[in-house]
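Just so it is clear, the structure is predicted and the values come from calculations on it, not from any experiment. Letters A, B, ... mirror the listed sequences (proteins, then strands); counts begin at 1. Scope of the values below: all heavy atoms of this structure, side chains included, with no hydrogens, waters or symmetry mates.
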Amino acid sequence: MTPLRSRIIGLLHDAIKVLLYGHGQLPTNELSIELDIPKVPEHGDYATNIALSLTRHLKRKPLEIAREILKNLKDGNGLFQKVEIAGPGFINFFVNPHAWHATLVEILRDPGAYGRQDIGRGRKVQVEFVSANPTGPLHIGHGRGAATGDVIANILQACGFDVQREYYINDAGNQMDTLGRSLYYRYLQILGQPVEFPDNHYQGQYMLDLARDLHKEVGSRYQDISLDEVLDLFTRFAGDRILAEIREDLHAFGVHFDAWFSERSLHEQNAIARTIEELKAAGHVYEHDGATWFRSTAFGDEKDRVVIRANGMSTYFAADLAYHRNKFERGFHTLVDIWGADHHGYVERMLAGVQALGRERSDLRIILVQLVNLLRGGVPVAMSTRAGEFVTLKEVVDEVGRDAARFLFLTRRSDSPLDFDLEVAKMQSNDNPVYYVQYAHARLCSIFEVARERGIHLDLSSVESLTSLHRLTLPREVDLMKMLGEYPDVLANCSRSLEAHFIPYYLHELVSLFHSYYNQNRVLGDDPELTEARLCLAAAIREVIKNALELLGVTAPERM
RNA sequence: GCGCCUGUAGCUCAGUUGGAUAGAGCAACGGACUUCUAAUCCGUAGGUCCAAGGGUCGAAUCCUUGCAGGCGCGCCA
């Protein structure tokens, strides 16, 4: 939390404690004090509704409570210009202008550390995301999931969690067999054999390319061998190649994983059977109609789920149970799963599984990322995975650029569907918020470039002792410092809610204040003291923009 | 039929533990470049927060019902 904010909250705490002791109610530690920045300046720099929210507990009128809090409130070394009660019982704080300098000092002392905090206290968290089946290239929807997972991981890291990023490879099950068969048929077609290609197989262009590559490597060696004999080979060839491309596409998108976890490895280690045994021992599993069922209804799911089919094969869900058990065995305190929203029907059973495995429901947090509607100039682009007609992530990144794609993916709540218009995304104009933010950064860099040319040097090594900061008195300058001070709270909010979109919105707001300020005021002027002060402000803004863009995985260009 | 998500300005969307007069971008209209980058800024206009009830000192936010859209409902993955 920003120093100023925590100081005010601390003072409020003390003031309220007295009040509560007097009434013998509600332990202070259960009290969460909200301190907002009001919309209108008449309501002060900060405001709290605490008197209003205490009315129920204290059974007194809000105005009375506010008055009493105010009476108990310490001055805090001249922190406040004035504090007043307004409206139905809000307490409004007007802060002395010099108080804002602390934020600048904190930023400039160690720019990379600003916003970093220790909410996580080093607890291990795993973020699992993308996890697309290796049966085809990543499409734009995966891109949104990739950006979301990557940035949530960044945020958690910045907030003091020990984060691991993992990709779960669904390399087992019949879809992989289908993949192998698809390759086999394409291979035969290349060899001139009349093969009827089944509908429900993967028929995209990429399968033809793969078949050609395979043919190049092995020639016609397999043309007279039965499908059964070569299926495994074809499946592995296709799976490995597609996975390699997925890695490349993610790399180009700036997304990296610490671990790639193979579903097949669970089968090989017999982990699924062991998991089911464990659940059985705990009484969560029963036999019915020849199949083995997990009693997920005991934890709120709408029906029980099969884990071993009557034919003896385990289900995908059984593998997922084993997988999540494995994750917990690796010592993660919390698991974050990022799923496409089309899997929402799966959420309850997975949460049930986690509980049956002896963990808390809250130890698994599932983030659903809604679908992306791809448009070109307002017209929907037809997409069909089955027919292999879709725009890949790679194509989108190649066309609109990584920065624009990432920023647009992240500028929406993940649980809200996203219209992604290729024409808008690649427009280098005011339609495109990413350039608005980047432009501010480039402008700031340019100021320092000019300053250097003019021989103005800003020494930040002893920023604490700079006396020029008191020259920052314009309302817009105070607004900027106030906004810079909010950054750590924005990150904390992101880590609490596992939502990244606050950062783009914050950036936009900060940058908008700066652009406006820039147009009205000159940083480099005739007055050396004022110039020094404004350069400090400019430097702090630049650092926070850079810092935030870094979390988003978007570059901060020095020139545009 | 059941479940989950969504419904806020012409369009795309913020508004996260219920707070003061509901915001932003785009689009529309009118202005500002001999200055540190005009990819910018300033101004104007734009609203039944899907609807109806409920509860609260106070609701876009919580509860109930309805309407509309998306997605999902397999011993597939």
(message) Any base atoms under 4.0 Å from A/Thr55, or only sugar-phosphate, or nothing? Heavy atoms, all strands.
(response) base
(request) Determine the interatomic distance between P on B/U16 and the same-named atom on B/A59; round to the nearest Å. (result) 15 Å
(request) Quote, to the nearest angstrom, the C1' distance that separates B/A9 from B/C4. (result) 29 Å
(message) What contact category does A/Ser53 fall into here, base, sugar-phosphate, or nothing, at under 4.0 angstrom with non-hydrogen atoms?
(response) base
(request) In plain terms, say whether A/Arg443 and A/Glu449 are close enough for a salt bridge, that is, a side-chain N and a carboxylate O under 4.0 Å apart. (result) no
(request) Give a yes or no answer on whether the side chain of A/Asp171 reaches the backbone of A/Glu263 with a donor-acceptor pair at less than 3.5 Å. (result) yes
(request) Classify the nucleic acid contact of A/Tyr346 as base, sugar-phosphate or nothing, counting any heavy atom under 4.0 Å across all strands shown. (result) base
(message) Any carboxylate oxygen within less than 4.0 angstrom of a Lys/Arg side-chain nitrogen, looking at A/Lys327 and A/Glu166?
(response) no
(message) Please determine whether a side-chain nitrogen or oxygen atom of A/Arg534 lies at a distance below 4.0 Å from atom OP1 or OP2 of B/C36.
(response) no
(message) Taking the C1' atom in each of B/U48 and B/C5, what is the distance between them to the nearest angstrom?
(response) 24 Å
(message) Classify A/Phe448 by what it touches in the nucleic acid, base, sugar-phosphate, or nothing, heavy-atom distance under 4.0 Å.
(response) nothing
(message) If I take atom NE2 in residue A/His343 and atom C1' in nucleotide B/C4, what distance separates them, rounded to the nearest angstrom?
(response) 14 Å
(message) Rounding to an integer number of Å, can you tell me how far A/Asp342 CG sits from B/C76 P?
(response) 19 Å
(request) Look at A/Lys39 and B/A24 and indicate whether a side-chain polar atom (N or O) is within less than 4.0 Å of OP1 or OP2. (result) no
(message) Can you tell me if A/Tyr518 touches the phosphate of B/A39, counting only side-chain N or O atoms and a distance under 4.0 Å to OP1 or OP2?
(response) no
(request) Give the nucleotide from the list B/U12, B/A20, B/G3 with an atom nearest to the side chain of A/Asp419. (result) B/U12
(message) Whether A/Tyr439 contacts B/A39 is assessed here as follows: a side-chain N or O lying under 4.0 Å from the phosphate OP1 or OP2. Is that the case?
(response) yes
(message) Base, sugar-phosphate or nothing for A/Ala172? Non-hydrogen atoms, less than 4.0 Å.
(response) sugar-phosphate
(message) At 4.0 Å (heavy atoms only), tell me whether A/Asn170 reaches a base, stays on the sugar-phosphate, or touches nothing.
(response) nothing
(message) Applying a 4.0 Å non-hydrogen cut-off, can you work out what A/Gln370 is touching in the nucleic acid: base, sugar-phosphate, or nothing?
(response) sugar-phosphate
(request) Please measure how far the P atom in B/U61 lies from the corresponding atom in B/C49, and state the result in whole Å. (result) 10 Å
(request) Check whether any side-chain nitrogen or oxygen of A/Arg413 sits under 4.0 Å from OP1 or OP2 of B/U6, and answer yes or no. (result) yes
(message) Taking only side-chain N and O atoms of A/Arg305, does any of them lie within less than 4.0 angstrom of OP1 or OP2 on B/G74?
(response) no
(request) Whole angstrom is fine here: how far is it from CD1 in A/Ile91 over to P in B/A20? (result) 16 Å
(message) By the 4.0 Å heavy-atom rule, please label A/Arg522 as base, sugar-phosphate, or nothing.
(response) base
(request) Check every strand shown and say whether A/His344 touches a base, only sugar-phosphate, or nothing at a heavy-atom separation below 4.0 Å. (result) base
(request) Taking only the side-chain nitrogens and oxygens of A/Arg452, find out if one of them lies under 4.0 Å from OP1 or OP2 of B/C36. (result) no
(message) Rounding to an integer number of Å, can you tell me how far A/Asn174 CG sits from B/C75 P?
(response) 14 Å
(request) Return the value, rounded to whole Å, for the distance between atom CG of A/Leu52 and atom P of B/C57. (result) 12 Å
(request) Determine the Euclidean distance between corresponding C1' atoms of B/G53 and B/G74; express it in Å to zero decimal places. (result) 40 Å
(message) Angle between ring planes, A/Tyr346 versus A/Phe317, binned at 30° and 60°: parallel, tilted or perpendicular?
(response) perpendicular
(request) Once you apply the 3.5 Å cut-off to both distances, tell me the Watson-Crick or G-U wobble partner of B/U61, or none. (result) none
(request) Sticking with atom C1', work out how far B/A60 lies from B/A20, rounded to a whole angstrom. (result) 16 Å
(request) Assign A/His501 to base, sugar-phosphate, or nothing according to its heavy-atom contacts below 4.0 angstrom with the strands shown. (result) base
(message) Please confirm whether the ring centroid of A/Tyr506 lies under 6.0 Å from the ring centroid of A/Phe502.
(response) no
(message) With a 4.0 Å cut-off on N to O distance, would you call A/Asp177 and A/Arg181 a salt bridge?
(response) no
(request) With the side chain of A/Glu499 defined as its heavy atoms from C-beta on, choose the nearest nucleotide among B/C75, B/U40, B/U16. (result) B/U16
(message) Under a 3.5 Å distance rule, please check whether A/Thr315 uses its side chain to pair with a backbone N or O of A/Val306 as donor and acceptor.
(response) yes
(message) Within 90° of 0 counts as syn, otherwise anti: where does B/C57 fall?
(response) anti
(request) Mind checking A/Lys61 for me? I need base, sugar-phosphate or nothing, with any heavy atom below 4.0 Å counting as a touch. (result) nothing
(request) With the side chain of A/Arg476 defined as its heavy atoms from C-beta on, choose the nearest nucleotide among B/C42, B/A39, B/A20. (result) B/C42
(request) Could you tell me whether A/Val450 contacts a base, only the sugar-phosphate backbone, or nothing, with contacts defined as non-hydrogen atoms closer than 4.0 Å? (result) sugar-phosphate
(request) Among the candidates B/C5, B/C75, B/C41, find the nucleotide nearest to the side-chain atoms of A/Asp289. (result) B/C75
(request) Provide, to the nearest angstrom, the distance between the CZ atom belonging to A/Arg454 and the C1' atom belonging to B/U35. (result) 9 Å
(request) Look at A/Ser416 and B/A14 and indicate whether a side-chain polar atom (N or O) is within less than 4.0 Å of OP1 or OP2. (result) yes
(message) Please report the distance separating the C1' of B/G70 from the corresponding atom of B/A32, rounded so that it comes out in whole Å.
(response) 45 Å
(request) Send over the distance from A/Phe514 CZ to B/C36 P, rounded to a whole Å. (result) 14 Å
(message) Under 3.5 Å, is there any donor-acceptor pair linking the side chain of A/Asn92 to the base of B/A20?
(response) yes
(request) State which of B/G19, B/C75, B/U16 makes the closest approach to the side chain of A/Asn49. (result) B/G19
(message) Check for me: is A/Tyr505 stacked on B/A24 by the 5.5 Å centroid and 30° plane-angle rule?
(response) no
(request) Counting Watson-Crick and G-U wobble pairs only, both distances under 3.5 Å, name the nucleotide matched with B/C41, or none. (result) B/G31
(message) I'd like to know if A/Asp320 pairs up with A/Arg349 as an ion pair, taking the criterion as any Lys NZ or Arg NE/NH1/NH2 lying under 4.0 Å from an Asp or Glu carboxylate oxygen.
(response) no
(request) Would you confirm whether A/His284, through its side chain, and A/Arg295, through its main-chain N or O, come within 3.5 Å as a donor-acceptor pair? (result) no
(request) Please state the P separation for the pair B/U65 and B/C2 - nearest whole angstrom. (result) 11 Å
(message) So A/Asn133, base contact, sugar-phosphate only, or nothing? Heavy-atom distance under 4.0 Å.
(response) sugar-phosphate
(message) Please tell me if A/Arg412 has a side-chain N or O lying less than 4.0 Å from either OP1 or OP2 of B/U12.
(response) no
(request) Verify the distance criterion only: is there a donor paired with an acceptor across the side chains of A/His288 and A/Asp304 at less than 3.5 Å? (result) no
(message) Within the 4.0 Å heavy-atom criterion, would you say A/Ser516 contacts the bases, only the backbone, or no part of the nucleic acid?
(response) sugar-phosphate
(request) Find the distance A/Arg349:CZ to B/G3:P and express it as a whole number of Å. (result) 16 Å
(message) Counting only Watson-Crick pairs (N1-N3 plus N6-O4 or O6-N4) and G-U wobbles (N1-O2, O6-N3), all under 3.5 Å, who is the partner of B/G1?
(response) B/C73
